Number of protein chains: 2
Amino acid sequence: MGNNFSHTYWMSKCIELAKKTVGADPDPVSAQYNEVPIAALVIKENKLLSSAVNKTETNLDPTAHAEIIVIREASKVLSNWRLNGCTLYTTLEPCAMCCGAIINSRISTVVFGAYDSVSGACGSAFHLINELNKNNQIEVIGGIMELEASRLIKSFFSTKR
Amino acid sequence: MGNNFSHTYWMSKCIELAKKTVGADPDPVSAQYNEVPIAALVIKENKLLSSAVNKTETNLDPTAHAEIIVIREASKVLSNWRLNGCTLYTTLEPCAMCCGAIINSRISTVVFGAYDSVSGACGSAFHLINELNKNNQIEVIGGIMELEASRLIKSFFSTKR
């Protein structure tokens with residue numbers, strides 16, 4: 001299911017992508033969307049299947065979190081909604097909706113960067129993933145490149161204030 | 001937030017729609033998809049905004065539950081991802097992913113038909129909606145036309161066996 005080297009490698013790609021989220025860009029035209037800069041990747045056998053950024057505001061879609069988009073795209077690539085053997089990387093601890101989608105999709109490993117004490121459902125705000133993960137089919141690894149990942153979110157919110 | 005008359009009215013529409021789910025149809029061509037017959041509606045001020053059936057298999061998308069599709073469609077109709085004041089009807093108690101999406105979308109009322117002891121996150125299998133619903137902003141009503149709604153699911157699974 002990967003090792004610390006590959007986790008850091010893919011998380012650094014994920015953080016790079018998050019910096020390109022619409023609204024993370026200091027350009028005032030794109031900044032109008034106020035999109036919280038979060039990105040996600042799905043990897044299988046150390047190859048990238050799909051990547052996405054948060055598009056809630058851009059798409060006017062409350063389900064358009066990076067994790068949901070990236071799961072939908074990976075399913076398309078594999079022509080299969082069952083993503084067993086895949087790893088999902090995300091810069092921020094997934095919320096309840098995204099943890100539910102991760103379980104429904106049968107993803108094998110979740111790796112996240114920053115912890116989210118408000119909405120994180122991998123233990124920070126809610127213990128949802130443990131509750132849903134009755135057969136221990138999912139491995140969850142938090143805090144990979146935590147400093148860089150949390151700095152990105154914090155600097156976004158401090159700019160918006 | 002509606003009353004029992006309107007809840008029964010919209011739930012009966014929802015059950016009618018669920019019967020048209022691909023795979024609920026006894027036609028062997030469409031039955032190949034094996035789509036569990038579940039439907040959902042979003043209503044605002046007693047008017048239908050959107051309707052959808054479960055399309056997980058058809059769309060090869062683990063997030064394509066009726067509730068997720070109907071929330072996305074309602075947001076498009078209103079050009080707003082915040083669905084305050086809307087009521088979501090669904091024939092089956094929503095799973096964790098869908099409860100998370102309901103919270104994220106700010107839907108005001110959830111009305112469901114059958115209880116789901118395996119995946120239902122409104123109290124049957126998980127108490128997610130209560131946990132997430134810290135400010136009591138969501139009203140949840142279960143068991144409206146429960147017999148008809150559960151009969152539909154049970155007859156689907158007994159046919160597939």
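Bear in mind the structure is a predicted one, so any value in this text is a computation, not a measurement.
Proximity to chain B is limited to the side chain of C95(A), based on heavy atoms less than 4.5 angstrom apart. Heavy atoms of R82(B) lying under 4.5 Å from chain A belong exclusively to its side chain. Heavy-atom distances place the side chain of T63(A), and not its backbone, under 4.5 Å from chain B.
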| said: I'd like to know whether K55(B) forms a side-chain contact (heavy atoms from CB on, under 4.5 Å) with V53(B), so could you lay out the CA-CA distance, the side-chain angles of the two residues, the decisive distance to 0.1 Å, and finally the verdict. | reply: CA-CA 6 Å; K55(B) 290 206 167 174; V53(B) 296; 4.2 Å; yes
| said: Walk me through whether Q137(B) and S108(B) qualify under side chain to side chain donor-acceptor pair (under 3.5 Å). | reply: CA-CA 6 Å; Q137(B) 73 273 37; S108(B) 298; over 6 Å; no
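Between E73(B) and K76(B), at least one side-chain N (NZ, or NE/NH1/NH2) sits under 4.0 Å from a carboxylate O, which counts as a salt bridge.
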Atom pairs and distances, donor-acceptor, side-chain atoms in residues 121-129 of chain B, under 3.5 Å, two or more places apart:
from    : atom 1 : to     : atom 2 : distance (Å)
S124(B) : OG     : E93(B) : OE1    : 2.5
S124(B) : OG     : E93(B) : OE2    : 3.4

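In this structure the side chain of M145(A) never reaches within 4.5 angstrom of the side chain of R151(A), judged on heavy atoms.
Contacts with chain A were tallied for S75(B), S119(B), A64(B), A74(B); S75(B) has the most, counting heavy-atom pairs under 4.5 Å.
Within the 3.5 Å criterion, the main-chain N or O of I138(B) finds a donor-acceptor partner in the side chain of N133(B). A donor-acceptor contact shorter than 3.5 Å links the side chain of T91(A) to the backbone of A39(A).
Residues of residues 42-51 of chain B having a heavy atom under 4.5 Å from any heavy atom of chain A: none.
Of the candidates N59(A), T21(A), T58(A), E35(A) forms a side chain to side chain donor-acceptor pair (under 3.5 Å) with just one, namely T58(A).
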